[in-house]
Amino acid sequence: MRDALPRILATGALPVLIGHGSPDDADRLRRDLAVPDALPLMTDPRRTSYTAAGWRRSLAGVLSPSTLSAGARAWRRGNRLGRLAGDPLQLGGVLVVDPDHSVRFHHASRFAGDHPDMEAVLAALAS
């Protein structure tokens, strides 16, 4: 998402990042990933929003060969895993939600490192 952020913001959308660690973890994440202060970064330690979005918790999703492949790609791009925060088995995803609460796009990660095609996300933002 970081590379597509200017294009996302150009659509008028406001990305909201939701983690499941502590508020201190969220502050560290903002610093470590250089998340702009203008982007809301929230934390949901009970993972209520994750459950509502249909995002699953999965040992198989964390230990899958696909996770290792995604991790290797991230490593080659210079992304390093920091200290774990929150539930290490919780998988995430991406939602595009209208102001009227209609879901335009839903991606539930099948494994750690499973991200949606950013062009599909941008298309949902443009519709």
Between the main-chain N or O of [Y] and the side-chain N or O of [X], is there a donor-acceptor pair closer than 3.5 Å?
X: Tyr50; Y: Arg57; answer: no
X: His107; Y: Asp114; answer: yes
X: Thr48; Y: Asp44; answer: no
X: Arg104; Y: Asp98; answer: no

If you measure from [atom1] on [X] to [atom2] on [Y], what distance do you get to the nearest 0.5 Å?
X: Ile8; Y: Leu14; atom1: CD1; atom2: CG; result: 10.5 Å
X: Leu41; Y: Asp27; atom1: CG; atom2: CG; result: 8.0 Å
X: Thr43; Y: His20; atom1: OG1; atom2: NE2; result: 8.5 Å

Next item on the list: For Arg56 and Ser58, test the side chains for any donor-to-acceptor distance below 3.5 angstrom and give the result as yes or no.
Entry: yes

Notebook entry, point to check: For Ser22 and Asp24, does a side-chain donor sit closer than 3.5 Å to a side-chain acceptor?
Noted result: no

Check: Is there a side-chain contact between Leu95 and Phe105, using heavy atoms and a 4.5 Å cut-off?
Finding: no

Item checked: Any Val94 side-chain heavy atom under 4.5 Å of Ser109 side chain -> no

Check: Would you say Arg30 has more than 12 foreign heavy atoms packed within less than 6.0 Å of its CZ?
Finding: yes

